Amino acid sequence: QVQLVESGGGLVQPGGSLRLSCAASGSIFRIYGMGWYRQAPGKQRELVAAITSGGSLYYADSVKGRFTISRDNAKNTVYLQMNSLKPEDTAVYYCNADGTYYGGSKWGSWGQGTQVTVSS
């Protein structure tokens, strides 16, 4: 079992910033990729940003230039720095990761989600 715990969500005014963190714990041998998804009420969950073990990056067009994903492999933690936030960024943000256990089998896990609300 791999547990992902998100933190850093909250209420912020338009144009403000938030930094989300997601820490993975468990019998983790390797994390292949980590990413952030978000889901607004009535909308499908969408991939916001992702980072691979090799450092390759992906950003949704809607957040490109405003959000930055990074990871600290030693801490098994991924971050999402969100700048210039807009009301349309309001959503529950979920951390996702996949990798292998020490035993060699694969795992995939989701965090519980953290609410980000952008409102004046």
Side-chain angles (χ1 to χ4, degrees):
Q1 299 292 318
V2 174
Q3 182 181 13
L4 303 180
V5 179
E6 300 117 329
S7 62
L11 174 64
V12 65
Q13 294 184 353
S17 298
L18 285 173
R19 177 180 164 92
L20 306 183
S21 299
C22 173
S25 61
S27 299
I28 300 169
F29 175 69
R30 184 175 181 180
I31 299 175
Y32 290 132
M34 304 186 80
W36 289 95
Y37 292 73
R38 68 185 181 188
Q39 187 167 24
K43 300 184 67 176
Q44 294 183 341
R45 187 174 298 186
E46 64 174 341
L47 177 62
V48 176
I51 184 168
T52 69
S53 59
S56 297
L57 303 174
Y58 166 83
Y59 295 99
D61 288 341
S62 60
V63 307
K64 196 171 298 182
R66 300 187 297 120
F67 291 10
T68 303
I69 189 170
S70 62
R71 65 190 288 177
D72 185 334
N73 291 329
K75 296 181 178 180
N76 289 333
T77 299
V78 64
Y79 307 93
L80 186 67
Q81 179 66 47
M82 305 184 294
N83 299 325
S84 301
L85 283 162
K86 305 174 181 179
E88 49 263 46
D89 295 319
T90 297
V92 178
Y93 284 71
Y94 297 91
C95 179
N96 175 257
D98 69 300
T100 55
Y101 296 107
Y102 281 103
S105 58
K106 296 180 179 180
W107 57 266
S109 186
W110 289 89
Q112 82 287 350
T114 184
Q115 177 70 49
V116 172
T117 302
V118 184
S119 177
S120 59

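Everything numeric here is computed off the predicted structure, so don't read it as measured data.
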Original post:
Val92 and Val12: same hydrophobic cluster, using ILVMFWY side-chain contacts below 4.5 Å?
Top reply: no
Original post:
Any idea which heavy atoms bring Leu47 and Ala50 closest together, and the distance?
Top reply: CD1-CB, 4.3 Å
Subject >> Between OG on residue Ser70 and CG on residue Leu57, distance to nearest 0.5 Å >> reply: 9.0 Å
**OP:** Spell out, as yes or no, whether a donor-acceptor pair under 3.5 Å connects the side chain of Thr114 to the backbone of Gly9.
**Re:** yes
**OP:** Would you confirm whether Glu6, through its side chain, and Gln112, through its main-chain N or O, come within 3.5 Å as a donor-acceptor pair?
**Re:** yes
Original post:
After noting the C-alpha distance and the side-chain angles of Leu18 and Leu85, does the key distance pass the side-chain contact (heavy atoms from CB on, under 4.5 Å) rule?
Top reply: CA-CA 8 Å; Leu18 285 173; Leu85 283 162; 4.1 Å; yes
**OP:** Check whether any side-chain heavy atom of Gln13 sits under 4.5 Å from a side-chain heavy atom of Ser119, and report yes or no.
**Re:** no
Original post:
Do Leu80 and Arg19 have side chains that get closer than 4.5 Å, going by heavy atoms?
Top reply: no
**OP:** Could you tell me whether the side chain of Tyr32 reaches within less than 4.5 Å of the side chain of Thr100, counting heavy atoms only?
**Re:** yes
**OP:** Give the intermediate values and the outcome of side-chain contact (heavy atoms from CB on, under 4.5 Å) for residues Ile28 and Tyr102.
**Re:** CA-CA 6 Å; Ile28 300 169; Tyr102 281 103; 5.5 Å; no
Original post:
Taking the side chain from Asn96 and the backbone from Ser109, do they hold a donor-acceptor pair closer than 3.5 Å?
Top reply: yes
Original post:
Hey, are the side chains of Cys22 and Trp36 touching, using non-hydrogen atoms and a 4.5 Å cut-off?
Top reply: yes
Original post:
Do Val63 and Arg38 come close enough that some side-chain heavy atom pair is under 4.5 Å?
Top reply: yes
Original post:
Do Val78 and Cys95 pass the side-chain contact (heavy atoms from CB on, under 4.5 Å) test, and can you show the C-alpha distance, the side-chain angles, and the key distance before you say yes or no?
Top reply: CA-CA 8 Å; Val78 64; Cys95 179; 3.7 Å; yes
**OP:** Grab the two heavy atoms, one from Thr90 and one from Gln115, that are nearest each other, plus how far apart they are.
**Re:** CG2-NE2, 4.0 Å
Original post:
Between Ser105 (side chain) and Gly103 (backbone), is there a donor-acceptor pair under 3.5 Å?
Top reply: no
Subject >> Test side chain to side chain contact (heavy atoms under 4.5 Å, CB included) applied to Tyr79 and Asp72, Ile51, Leu20, Ile69, the passing residue >> reply: Asp72
**OP:** Starting from the C-alpha separation in whole Å, work towards a yes-or-no answer on side-chain contact (heavy atoms from CB on, under 4.5 Å) for Arg30 and Ser53.
**Re:** CA-CA 9 Å; Arg30 184 175 181 180; Ser53 59; 3.5 Å; yes
Original post:
Do Lys86 and Asp89 meet the salt-bridge criterion of a basic N to acidic O distance under 4.0 Å?
Top reply: no
Original post:
Taking the six-membered ring for Trp, is the centroid-to-centroid distance between Tyr37 and Trp110 below 6.0 Å?
Top reply: yes
Original post:
Val48 pairs by side chain to side chain contact (heavy atoms under 4.5 Å, CB included) with which of Tyr58, Tyr93, Tyr94?
Top reply: Tyr93
**OP:** Indicate yes or no: at least one non-hydrogen side-chain atom of Ile31 is less than 4.5 angstrom from one of Arg71.
**Re:** yes
Original post:
Do you know which two heavy atoms are closest between Ser120 and Pro14, and how far apart they sit?
Top reply: N-CD, 3.7 Å
Original post:
Does Ser17 reach the side chain of Arg66, with side-chain heavy atoms less than 4.5 Å apart?
Top reply: no
Original post:
Counting heavy atoms not belonging to Gln44, are there more than 12 under 6.0 Å from its CD?
Top reply: no
